[in-house]
Amino acid sequence: MKNRLREVVCQALRQCYDEQLLSSGEVPDFAIEVPGRSEHGDFAVNVAMMLARAEKQAPRQIAETLVAVLERQPGMWQRIEVAGPGFINFFLSGKLWLGVLEDIHTRGRDYGKSSVGAGRKVQVEFVSANPTGPLHIGHGRGAATGDAVAAVLQEAGFSVQREYYLNDAGNQMNTLGRSIYLRYRQLHGEKIEFPEDCYQGDYIRDLAQQCVDEHGDKFLHGDAEQAVAFFAAWGGESIRAGIDADLQAFGVRFDNWFSEQSLYDSGQVQQGIEALKQAGYTYEEDGALWFRTTEFGDDKDRVLVRSNGVTTYFASDVAYHREKYARGFDTVIDVWGADHHGYVARMKAVLAALGRNPEDLQIILVQLVSLLRGGEQVAMSTRAGKFVTLKEVVDEVGRDACRFFFLTRRGDSQLDFDLELAKKQSNDNPVYYVQYAHARVCSICANAAQAGAVAAAATAIEPEHLALAEELELIKTLARYPEVIENAALNYEPHRVTFYLQDLAARFHSYYNQQRVIVDDEAVTAARLCLVTAVRQVIANALAVLGVSAPEKM
RNA sequence: GCGCAAUUGGCUCAGCUGGAUAGAGCGUCGGCCUCCGGAGCCGAAGGUCGCAGGUUCGAAUCCUGCAUUGCGCGCCA
């Protein structure tokens, strides 16, 4: 609707120049917005104010000129007026609004999809937790956010891949192997003190027990190093599979799992280092190889190869991101925990050094979640094995509530997740409010079917049958949806969809309490059913994007 | 010390990339079903948008400085 209006206004503006009613010839990038108050019309345009300087005329005067030309288009509006400092307010005709309902019903699940993404290839990499333990609640927020960002981009016409980067190289895997190995020996009756730098969680003991069941004492007698290597590889894969299962239970499915180790095996880590060397951005100092990231705005240079010859994690990240673009992605999005924000500058530096626009890498920082239980902070530490897993939380408060809750805040705000509260308040959790609206429409439809009432086709509705203020407000809210999706996608802000849903549900509930849908007048009933089912469709579409179910009954 | 981010009613948060009188939820107070699901609705009270400057027709939004809070500043991953 907005885009249509923009075209009409631009056309009228050009017409003004053709007829020499205005002289500057400028077509500024003006704003079209939905005013906060309905007296200000359905849409307001600020173009006259933007032209004031170039035209050397008062904004209101310019607006009057433009309006005179716009009014030549019959049927589109009830009226157009100049207001305030020079806004042009548009009051659209009722017929035009009914087109929105028609659009929703013909497009169904596709309503809200657009092609602004133009099929550009985008990769969203998220979660990417080390396979050394189960996912905890903080990862859940990253999962919900990353998945919703990907979904919203898909909706907006981007070609999206969801990827999980598996940090299966480096000494953490060795630590994992050692941890399982020591527990394994303990289970065979050996009295060993369990080192502090090993993973303390109970899941390590469970893995060891599984090995005892499957392999007996086979690893007690062989070479310890080989045993550790086995436990590292086997344990890592086993944990990875567990992570995958937990994510699927949370409704998140990855298109690809990418192994860090594979970058070493294929020689790409070395190639990445070579590329930087050849570009002239490296130097040696104290026996280590450095990357001059300060050249690109980082606050200090970073080591790629340590003086002992071992590459850093950063070196594999260079290779990893090179590899992503080699796969043909136009834009790469990394979803990180906010505690990694210090890493952003050096990653952008990698792009710049490789001759790529740093904007092609978008980093979404998701603040960590502090978990509370009854107002008390729950201490979490992966290493100490003290944490509440994502699975536990999902089992406790439910997948829908959990996902929706994570998306009721912008990613960069900190979030307290109180388990007691989440459970206790589950009834007035906003997710139920939205789902309830959906279920209500379903219930109305069931009643209508029983009464033999049928929804009208939008094209068959007389405007006066959907002319109440609440009805127009509802339709306008529905009309906004495609734009909400588009903005959520372009800004990587899925929480906008969540807030939109709450707004739509609120308007629907309010309408429901004021007006009955099924009334004696058949034509009015049919028109209202058409409206209400459109609401249901949009709620279902938006919930689907967020990965939340839209139940017919609750 | 340096860097990144945040600061909006009692609490938790939105605010559509600079627009008209700053919005929700929770909490508080007062109302609403003989009627399509009360997991709902209606109303009221409550905010100098951290502080001070600046940019312009116009600032919660952009710039600078300050304050407070959180996070980060390894040849760890």
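So you know, we letter chains A, B, ... as the sequences are listed, proteins then strands, and number each from 1. All values below were derived from every heavy atom in this structure, side-chain atoms included, with hydrogens, water molecules and symmetry-related copies excluded.
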Minimum-distance nucleotide to A:Arg306 side chain [options: B:C75, B:C71, B:A20]: B:C75

Mind checking A:Phe314 for me? I need base, sugar-phosphate or nothing, with any heavy atom below 4.0 Å counting as a touch. nothing

Quick check on RNA chain B: between A:Ala505 and A:Pro35, whose nearest nucleotide comes earlier from the 5' end? A:Pro35

Conformer about C1'-N of B:U64 - syn within 90° of 0, anti elsewhere: anti

May I ask you to check whether A:Glu260 and A:Ser316 show a side-chain donor-acceptor distance below 3.5 Å? yes

Under 4.0 Å, heavy atoms only, any strand: does A:His340 hit a base, just the sugar-phosphate, or nothing? base

Using a heavy-atom cut-off of under 4.0 Å over every strand shown, decide if A:Asp286 touches base, sugar-phosphate, or nothing. base

Listing request: all salt bridge (charged side-chain N to carboxylate O under 4.0 Å, His left out) pairs with a residue in residues 481-509 of chain A, at least two apart in sequence or in separate chains. A:Lys2-A:Glu483, A:Glu473-A:Arg507, A:Arg480-A:Asp503, A:Glu493-A:Arg496, A:Asp503-A:Arg507

Report, as a single string ordered 5' to 3', how protein heavy atoms within less than 4.0 Å touch nucleotides 2-7 of chain B: B base, S sugar-phosphate only, - not at all. -BB---

Write down the distance separating the P atoms in B:G50 and B:U7, rounded off to the nearest Å. 8 Å

Tell me which nucleotide, if any, is Watson-Crick or G-U wobble paired with B:G25 when both distances must be under 3.5 Å. B:C11

Taking only the C1' atom of each, what is the distance from B:U21 to B:G47 in whole angstrom? 14 Å

Do A:Asn89 and B:A20 share a donor-acceptor pair, side chain to base, under 3.5 Å? yes

Without decimals, in angstroms, what is the distance between A:Arg409 CZ and B:C11 C1'? 11 Å

For A:Val45 and for A:Val310, find the nucleotide of RNA chain B with the closest heavy atom, then tell me which residue's nucleotide is more 5'. A:Val45

Just checking A:Asn167: base, sugar-phosphate only, or nothing, at a heavy-atom cut-off of under 4.0 Å? nothing

Expressed in angstrom and rounded to an integer, what is the separation of A:Leu407 atom CG from B:A14 atom P? 12 Å

Just checking, is any N or O donor in the side chain of A:Tyr511 or A:Glu471 under 3.5 Å from an acceptor N or O on the other one? yes

Test side chain to side chain contact (heavy atoms under 4.5 Å, CB included) on A:Asp317 and A:Tyr343 and set out the steps. CA-CA 11 Å; A:Asp317 240 3; A:Tyr343 212 75; 3.3 Å; yes

Between B:C71 and B:U64, how many Å separate the two C1' atoms, rounded to a whole number? 24 Å

Looking only at the side chains, is there a donor atom on one of A:Gln172 and A:Asn167 sitting less than 3.5 Å from an acceptor on the other? no

Complementary nucleotide for B:C41 - Watson-Crick or wobble, under 3.5 Å: B:G31

Determine: side-chain N/O of A:Tyr511 to OP1/OP2 of B:G40, distance under 4.0 Å, yes or no. no

Using a cut-off of 4.0 Å on non-hydrogen atoms, how would the nucleic acid contact of A:His509 be classed: base, sugar-phosphate, or nothing? sugar-phosphate

Under 4.0 Å between any heavy atoms, over every strand shown, what does A:Ala169 touch: base, sugar-phosphate, or nothing? Just pick one. sugar-phosphate

Show the nearest heavy-atom pair for residues A:Val149 and A:Pro494, with the distance to one decimal. CG2-CD, 3.6 Å

Rounded to whole angstrom units, what separation is found between the CG atom of A:Asp301 and the P atom of B:G74? 13 Å

Roughly how far apart, to the nearest Å, are B:C57 and B:A20 at atom C1'? 13 Å

Under 4.0 angstrom between A:Tyr433 side-chain N/O and B:C41 OP1 or OP2: yes

Would you say A:Ser510 places a side-chain N or O within less than 4.0 Å of OP1 or OP2 belonging to B:G40? no

Using a cut-off of 4.0 Å on non-hydrogen atoms, how would the nucleic acid contact of A:Asp298 be classed: base, sugar-phosphate, or nothing? nothing

Does this structure show an ion pair linking A:Glu163 with A:Lys324, if we count only N-O contacts that are shorter than 4.0 Å? no

Any base atoms under 4.0 Å from A:Glu284, or only sugar-phosphate, or nothing? Heavy atoms, all strands. nothing

Can you tell me the distance, in whole Å, between the CZ atom of A:Arg480 and the P atom of B:C16? 12 Å

Any luck finding a side-chain donor-acceptor pair between A:His321 and A:Asp334 under 3.5 Å? yes

Quote, to the nearest angstrom, the C1' distance that separates B:U12 from B:G46. 16 Å

Choose from B:G40, B:C13, B:G74 the nucleotide whose nearest atom is closest to any side-chain atom of A:Lys300. B:G74

Rounded to whole Å, please give me the gap between CZ in A:Arg516 and P in B:C32. 20 Å

At less than 3.5 Å, do the side-chain atoms of A:Asn491 and the base atoms of B:U17 form a donor-acceptor pair? yes

Pick base, sugar-phosphate or nothing for A:Phe499, based on heavy-atom distances below 4.0 Å to the nucleic acid. sugar-phosphate

Could you check whether A:Asp503 gets within reach of a base, just the sugar-phosphate, or nothing at all, counting any heavy atom under 4.0 Å? nothing

Identify which one of A:Asp42, A:Val9, A:Ile32 satisfies the side-chain contact (heavy atoms from CB on, under 4.5 Å) criterion when paired with A:Phe90. A:Val9

Would you measure the distance from the P atom in B:C26 across to the matching atom in B:G40 and give it in whole Å? 8 Å

Exactly one of A:Leu304, A:Val305, A:Thr311 should register a side-chain contact (heavy atoms from CB on, under 4.5 Å) with A:Val269. Which one does? A:Thr311

Whole-Å distance between B:C13 P and A:Phe406 CZ? 14 Å

Is there a side-chain polar atom (N or O) of A:Arg346 under 4.0 Å from OP1 or OP2 of B:C73? no

Working to the nearest 0.5 angstrom, can you tell me the gap between A:Arg528 CZ and A:Leu531 CG? 9.0 Å

Using a 4.0 Å heavy-atom cut-off, does A:Lys553 contact any base of the nucleic acid, only the sugar-phosphate backbone, or nothing at all? base

Name the nucleic acid region contacted by A:Ser307, choosing base, sugar-phosphate or nothing; use a 4.0 angstrom heavy-atom cut-off, strictly under. base

Write down the distance separating the C1' atoms in B:G19 and B:G9, rounded off to the nearest Å. 23 Å

Pairing check on B:C4: which nucleotide meets the Watson-Crick or G-U wobble criteria with it, both distances under 3.5 Å? B:G70

Nearest to the side chain of A:Gln414, which nucleotide is it out of B:G70, B:C13, B:A20? B:G70

Could you check how far CD of A:Glu33 sits from P of B:U17, rounded to whole Å? 8 Å

Taking the cut-offs as 6.0 angstrom to the six-membered ring centre and 45 degrees off its axis, would you call A:Arg6 and A:Phe30 a cation-pi pair? yes

Say we look at B:A44 and B:A24: how far apart would their P atoms be, to the nearest angstrom? 11 Å

With the side chain defined as heavy atoms from C-beta on, A:His495 is closest, among B:C16, B:A14, B:A39, to B:A14

Distance in angstrom units between A:Gln435 CD and B:G40 P, rounded: 13 Å

For A:Ala451, report the nucleic acid contact type (base, sugar-phosphate, nothing); a contact means any heavy atom under 4.0 Å. nothing

Identify whether any heavy atom of A:Arg496 sits under 4.0 Å from a base atom; if not, whether one sits that close to sugar-phosphate; answer base, sugar-phosphate or nothing. sugar-phosphate

